[in-house]
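Each ligand, and each atom within it, is numbered from 1 in the order the structure gives. Just so we're clear, the structure is a prediction, and the values are computed from it rather than from any experiment. Note: hydrogens, waters and symmetry copies are ignored here, and every other heavy atom, side chains too, is used.
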Amino acid sequence: MAEKLDSKLEAQFAKAPIWPTLDAPLPASQMPDHIAIIMDGNGRWAAQQGMVRINGHQAGVDSVRNVTRYCGQVHVTALTLYAFSTENWKRPQAEVRFLFRLLKKYLVNERAELIANNVRLTAVGNLTGLPDDVQAELQRTRDLTVRNSGLNLCLALNYGAQDEILSASRGVLEHVASGKLSPAEIDEPAIEKELFTAGMPPLDLLIRTAGERRLSNFLLWQASHAEFYVTPICWPEFGKDALEGAILEYARRKAAYGVAPTA
Ligand code: FPP
């Protein structure tokens, strides 16, 4: 059934004259407000180039910059990037150390550009578990960009969605224990207020690079109504064209199914 519907839609869109490119802005109702990306495939990309894994992470920083610039240009409200998961600690210590060095360098070197482009940098995750020097640079970049009113670039660091849901549950239970909330009053907004992403717009589009079809403990609550887009492109090669492709696919689905998801 699903297959039939898809091929019908494909045929319908094949007949459509020319799908607008983002040079001609999409209707606001078809434009994602909040995009999140599982940046995967750095290691595979490096291996394909005959390089070592860390070169893939290094090249991935350029994609972070390109994608951030592009989201700012097309007026996306929030971009959440999965930069370090709670599972990533299991990687070889040398790779973990390299990732944090890279992150620290990014936070220092990109500050001027983030400020110039009106980007506000925020972070979600268990931030107190990060190395002290990374926490300090993160705090500094957050402070320096806090008044920016353009794109919210949110880095998921030492982030795990199950951790986040546990911590939100504890937060809600504390409100119940202190008598601020009765069990019957626990609803979706009450939980959302306790998530790391509280205050961010609902997630519209979740992209995963390098072809895997897993959520990998990323934004499990927030992804409930998001469109999921998987591309075979590895993160270091994911740039403007690839992101534009994902946004146009999102817009195509919105035009086909409307704003409210039916399933
Ligand atoms: C997944 O590729 C990527 C990561 C675990 C880290 C993401 C980090 C960056 C893109 C660079 C730094 C980020 C910022 C925000 C400055 P992988 O190593 O799992 O690739 P593989 O699956 O091909 O091995």
Q: side-chain contact (heavy atoms from CB on, under 4.5 Å) with H175: which residues, sequence neighbours excluded?
A: K180, L181, E194
Q: Which residue and non-hydrogen atom of the protein lie closest to atom 14 (C) of ligand 1, and at what distance in Å?
A: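 Of every protein heavy atom, V64 CG2, 4.1 Å lies nearest to atom 14 (C) of ligand 1.
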Q: Polar-atom distance check: G43 versus ligand 1, any N or O pair below 3.5 Å?
A: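 Such a contact does occur with ligand 1.
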Q: List the residues meeting ring pair (Phe, Tyr, Trp, His ring centres under 6.0 Å) with F84, not counting sequence neighbours, and say none if there are none.
A: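 So F84 forms a ring pair (Phe, Tyr, Trp, His ring centres under 6.0 Å) with W89, F100.
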Q: Any idea which protein heavy atom is nearest atom 9 (C) of ligand 1, and the distance to it?
A: N42 ND2, 3.7 Å
Q: Looking at E249 and R253, does any basic side-chain N land under 4.0 Å from a carboxylate oxygen?
A: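 Judged by the 4.0 Å cut-off on N to carboxylate O distance, E249 and R253 do form a salt bridge.
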Q: I want to know if ligand 1 touches N88 in the polar sense, i.e. an N/O pair below 3.5 angstrom.
A: no
Q: Near R91, which atoms of ligand 1 are under 4.0 Å from a heavy atom of that residue?
A: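 Listed by number with element: 5 (C), 17 (P), 18 (O), 19 (O).
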Q: When you check the gap from the basic side-chain N to the acidic O, do D62 and R65 get nearer than 4.0 Å?
A: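 Between R65 and D62 there is a salt bridge, with a charged N closer than 4.0 Å to a carboxylate O.
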Q: Below 4.0 Å from ligand 1: does a non-hydrogen atom of D40 turn up there or not?
A: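 Yes; D40 lies near enough to ligand 1 that a heavy-atom distance drops under 4.0 Å.
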Q: In terms of atom number and element, which parts of ligand 1 are under 4.0 angstrom from non-hydrogen atoms of W235?
A: 10 (C)
Q: I'd like to know whether ligand 1 has A210 as a neighbour, heavy-atom separation below 4.0 Å.
A: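 Contact absent.
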Q: Atoms of ligand 1 less than 4.0 Å from Y106 heavy atoms?
A: 16 (C)
Q: What atoms of ligand 1 come within less than 4.0 Å of a heavy atom belonging to R53?
A: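 The atoms of ligand 1 under 4.0 Å from a heavy atom of R53 are 17 (P), 18 (O), 24 (O).
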Q: Report, in ascending order of atom number, the atoms of ligand 1 lying under 4.0 Å from any heavy atom of R44.
A: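 Under 4.0 Å from R44, ligand 1 has these atoms: 21 (P), 22 (O), 23 (O).
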Q: Give me the nearest non-hydrogen protein atom to atom 1 (C) of ligand 1 as residue plus atom name, then the distance to 0.1 Å.
A: M39 O, 3.1 Å
Q: Considering only non-hydrogen protein atoms, determine which one is nearest to atom 6 (C) of ligand 1 and report residue, atom name and distance to 0.1 Å.
A: A83 O, 3.6 Å
Q: Looking at R101, K105, R111, which hits salt bridge (charged side-chain N to carboxylate O under 4.0 Å, His left out) with E137?
A: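 Going through R101, K105, R111 one by one, the salt bridge (charged side-chain N to carboxylate O under 4.0 Å, His left out) with E137 is satisfied by R111 alone.
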Q: Do you know the tightest heavy-atom contact between Q30 and Y250?
A: O-CD2, 3.3 Å
Q: Using a 4.0 Å cutoff against the non-hydrogen atoms of H57, which atoms of ligand 1 qualify?
A: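 Atoms satisfying the 4.0 Å criterion: 11 (C), 18 (O).
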